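Have a look at the structure below before the remarks.
Only a predicted model underlies this, so the values are computations on that prediction, with no experimental measurement involved.
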Amino acid sequence: MELAVINQKGEDTGRKVQLSDEIFAIEPNDNAIYLDVKQYLANQRQGTHKSKERNEIAGSTKKIKKQKGTGGARAGSLKSPLFRGGGRVFGPRPRNYSFKLNKKVKQLARKSALSYKVKDNSLSVLENLAFDAPKTKAYLALLNGLALSDKKTLLVLPEDNKNVYLSSRNLPKAKVVTVNDVNTYQLLNADHLVLCEGSVSKLETILSK
């Protein structure tokens, strides 16, 4: 499958880039996508939540009233979860939410996400990009040229480019990543995917291993 390469003004450069059908035109696997996104979101959780249970509450252990004859239920401690200030029953404890996912499943998920982008006509190939200095105005001009200023975009660079990254950082709907860091969640979360020309071959190399 061929796709036209466009410049920063959104104009056709006359060049074409060949997209591998094994990566950009597969039958998407929704279950693989679900698992990969679930793992990504799970890894974002700190898992530091904690509440005190009755054995961790500071307070007297003296029996607060006699066992019988009060007309109410028996009570042995102010630390009881039934009382204000008492411990919590089965409260949250610190835990690690991450889980293992096979490399092949993660690759399949990214291929599926890329194939969805192609199916939805939400993928563009841009000529290689470089800014002389970090300027938000320059990145905004790029988005305007591509008619994507009102959409959530993901720009994939072939390698680190600090000026391009810093230029996009103040724009809430724009995200810039390198080929090595792109993941399924980012691909699906963006309304439109923009691949730099040099990113295509690197992406195909990574996902074909």
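Interatomic distance, CG of Asn31 versus CD1 of Ile33, reported as 9.5 Å (0.5 Å rounding). Here the NE2 atom belonging to His192 is positioned 10.5 Å from the CG atom belonging to Leu155, to the nearest 0.5 angstrom.
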Cut-off 3.5 Å, no hydrogens considered: what does the side-chain donor-acceptor table look like for residues 85-93, sequence neighbours left out?
residue: Arg93; atom: NE; partner: Glu53; partner atom: OE2; Å: 3.3
residue: Arg93; atom: NH2; partner: Glu53; partner atom: OE1; Å: 3.0
residue: Arg93; atom: NH2; partner: Glu53; partner atom: OE2; Å: 3.2

Determine all donor-acceptor pairs shorter than 3.5 Å in which one atom belongs to a side chain in residues 3-11; sequence neighbours excluded.
residue: Asn7; atom: OD1; partner: Lys9; partner atom: N; Å: 3.0
residue: Asn7; atom: OD1; partner: Gly10; partner atom: N; Å: 3.2
residue: Asn7; atom: OD1; partner: Glu11; partner atom: N; Å: 2.8
residue: Asn7; atom: ND2; partner: Glu11; partner atom: OE1; Å: 3.1

Let me check something: any side-chain donor-acceptor pairs from residues 98-105 under 3.5 Å, sequence neighbours excluded? List them with distances.
residue: Ser98; atom: OG; partner: Asn96; partner atom: OD1; Å: 2.9
residue: Ser98; atom: OG; partner: Asn96; partner atom: ND2; Å: 3.0
residue: Lys100; atom: NZ; partner: Asn102; partner atom: OD1; Å: 3.1
residue: Lys104; atom: NZ; partner: Lys209; partner atom: O; Å: 3.4

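Around OH of Tyr40, the count of heavy atoms belonging to other residues, nucleotides or ligands within 6.0 Å exceeds 12. Around the NZ atom of Lys38, the shell of radius 6.0 Å holds no more than 12 heavy atoms that belong to other residues, nucleotides or ligands. Counted within 6.0 Å of NZ on Lys52, heavy atoms from surrounding residues, nucleotides or ligands total 12 or fewer; the atom is thus considered open. By the 6.0 Å contact criterion, OH on Tyr97 is enclosed, its count of non-hydrogen atoms from other residues, nucleotides or ligands being greater than 12.
The shortest side-chain heavy-atom distance between Val125 and Val194 does not fall under the 4.5 Å cut-off.
Using modelled atom types, no side-chain atom of Ser80 and backbone atom of Ser77 make a donor-acceptor pair closer than 3.5 Å.
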Report task. Given side-chain contact (heavy atoms from CB on, under 4.5 Å), test Glu56 with Lys50 step by step and report yes or no. Result -> CA-CA 11 Å; Glu56 299 169 306; Lys50 179 73 175 75; 3.0 Å; yes

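Defined by atom type and a distance below 3.5 Å, a donor-acceptor pair is missing between the side-chain atoms of Asp160 and Thr178. Side-chain N/O atoms of Asp30 and Tyr116 include a donor and acceptor closer than 3.5 Å.
A salt bridge links Asp36 with Lys106: the distance from a Lys NZ or Arg NE/NH1/NH2 to an Asp or Glu carboxylate oxygen falls below 4.0 Å.
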